[in-house]
Amino acid sequence: PTTSDISSAASDVYKRQGDLGSSSDLIGSIFLELYPESQRSLRGNDVIREIRKRTAHLAGIGIEIRPLEKGPPVGKPIQIELTSRERALLEPAMARVRAYLDTLPDLVDIDDSAALPSIEWRVEVDRTQAAIYGADVSSAGLAVQLVTSGVKVAEYRPDNADEALDIRVRYPRDERGMKAIDELRISTDDGMVPLANFVTIQPAPGVDALKRMDGVPVELIRADVREGVMADAMVRKIDDWLQQQDFDPAVSIRFRGANEEQADSMAFVSAAFTLALALMFILLVTQFNNFYQSVLILGAVVMSTAGVLLGLLVLAKPFSALLTGVGVLALAGIVVNNNIILIDTFNHLRRLHPELDTRTVIVRATAQRLRPVLLTTVTTVCGLLPLACGFSVDLISRTITMEGEMAMFWAPLSQAIVFGLTFATLLTLIATPAMLALPVVLKGRLRGLRRQRQGKETDALETPLPVR
């Protein structure tokens, strides 16, 4: 990318401690704001791809490029959470899963919450020896602070700062360090005593942060997917591998992040769709006073979702739990209206012309409602078709952008309505009239079977018995 594509850039250098949402070795971040799509030559994905290409040769630095998330932040699309009451089991299990993820070429920007390798110096005080020399343990601690981080004596908050700053006292730089502890002396009742007489310094593995969730030790592995790769497909692939492994039963592994948010969205859409169908059924039974016709209308609503799935299959697009789900709910209202006006017209004509047979009434009702149903479908589909195809039309600036940000965001909703309504219109004009005639056909066949049975019984009674 060039400077003509980037509107502004902001950097932040910091070190996070104990944050499950970031890596332990995170140094800083740079936020890039791009110009509007009509004012730059590259798309957002092209900019990300170019940044990856130009930073691939940097050695010793891991660079992650992530677009700004739409909606609540959930982090990377693939997040694997490992929990166990025994913290010692987490590190080997996490290393094992991380090694497998590194072999998958479709995953990028893989990181985990493991602590960085480090060494910390632990000061151990022999209280028995300290008592022999008459030394105070607290005085020994203050003496160690003077050669390390310093002793806090006060706080000061500048006028332009939100938090107070610590004022600490410590020895000059040349007299500080771990070697200086061996030369420290503290004051006792018997005079100055070397600190090394009762204090030892031992190296130990450093602890970055102890991470817990609901009181249980936890570690996270996060990964992003390459452009064009579905996160759900990778989640299923990783889950299949996890099912084949023999991890310790004390270690619990589950997926978090976008997968968890998608499950919550699917649960919401399913509950909303079920509630909408229940309310529709109650209103339809109340208005039509006919159980069969009410079920027929709801059946058309359910069958319209097949058109949505068929359209997504043709376009090779994923099912968006939120936007496609909302599109299915909006589609239900349109399909219900089309079927209501058709069935209501059928009932009205049957009352006005009782002398006509049912099939003739169905044909007349479908012919009268053909134009309103088609007009509803054509106007709705034509209005949403540009958005479904990824065109963003700006009437004020008189520009048309292909695969614009807003168009791609709302494309799943519009595609669900376009394909679902087109398929549902065929159901309304063909399947619904046929299902209206089904009870009449079944009744006619039942009458014919009953008459045939009665005729056979009559013939059996009239047949004379042979005389021997």
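If you're wondering where the values come from, they're calculated on a predicted model, not measured in any experiment. Side-chain atoms are counted along with the backbone in the values below, which use heavy atoms only and exclude waters and symmetry mates.
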(message) Testing the basics here: between E163 and R157, what is the closest heavy-atom pair and its distance to 0.1 Å?
(response) O-CG, 3.7 Å

(request) Heavy atoms only: give me the nearest L329-A272 pair and the separation to one decimal. (result) CD1-CB, 3.9 Å

Keeping [X] on the side-chain end and [Y] on the backbone end, is there a donor-acceptor pair under 3.5 Å?
X    : Y    : result
T376 : P372 : yes
R168 : G150 : yes
T83  : V216 : no
N289 : V285 : no
T425 : L421 : yes
T380 : T377 : no

(request) Provide the full list of salt bridge (charged side-chain N to carboxylate O under 4.0 Å, His left out) pairs with a residue in residues 89-98, sequence neighbours left out, each pair given once. (result) R96-D246, R98-D102, R98-D112

(message) Show every salt bridge (charged side-chain N to carboxylate O under 4.0 Å, His left out) that has at least one partner inside residues 351-368, sequence neighbours left out.
(response) none

(message) Taking side chain to side chain donor-acceptor pair (under 3.5 Å) as the definition, give me every residue that meets it alongside Q415, ordered by chain and number, with sequence neighbours left out.
(response)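 Counting only residues at least two positions away or on another chain, Q415 forms no side chain to side chain donor-acceptor pair (under 3.5 Å).
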
(message) Between K152 and D166, does any NZ, NE, NH1 or NH2 come within less than 4.0 Å of an OD or OE carboxylate oxygen?
(response)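 Result for this pair is yes, salt bridge flagged.
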
(message) Between R369 and D344 (salt bridge meaning N to carboxylate O under 4.0 Å), is one present in this structure?
(response)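 No.
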
Check whether more than 12 heavy atoms from other residues, nucleotides or ligands sit under 6.0 Å from atom [atom1] of [X], and answer yes or no.
X    : atom1 : result
H353 : NE2   : yes
Y292 : OH    : yes
E155 : CD    : yes
Q245 : CD    : yes
D240 : CG    : yes

To the nearest 0.5 Å, what is the distance between [atom1] ([X]) and [atom2] ([Y])?
X    : Y    : atom1 : atom2 : result
F288 : I297 : CZ    : CD1   : 4.5 Å
L413 : L331 : CG    : CG    : 10.0 Å
I221 : I253 : CD1   : CD1   : 8.0 Å
L275 : S270 : CG    : OG    : 12.5 Å
R222 : D109 : CZ    : CG    : 11.5 Å

(request) Please name all residues satisfying salt bridge (Lys or Arg N to Asp or Glu O under 4.0 Å) with D224, sequence neighbours left out, ordered by chain then number. (result) none

(request) Could you tell me which residues satisfy ring pair (Phe, Tyr, Trp, His ring centres under 6.0 Å) with F281, sequence neighbours excluded, listed by chain and number? (result) F291

(message) Run the ring pair (Phe, Tyr, Trp, His ring centres under 6.0 Å) test against F247 and tell me which residues pass, sequence neighbours left out.
(response)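 F247 satisfies ring pair (Phe, Tyr, Trp, His ring centres under 6.0 Å) with no residue once adjacent residues are dropped.
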
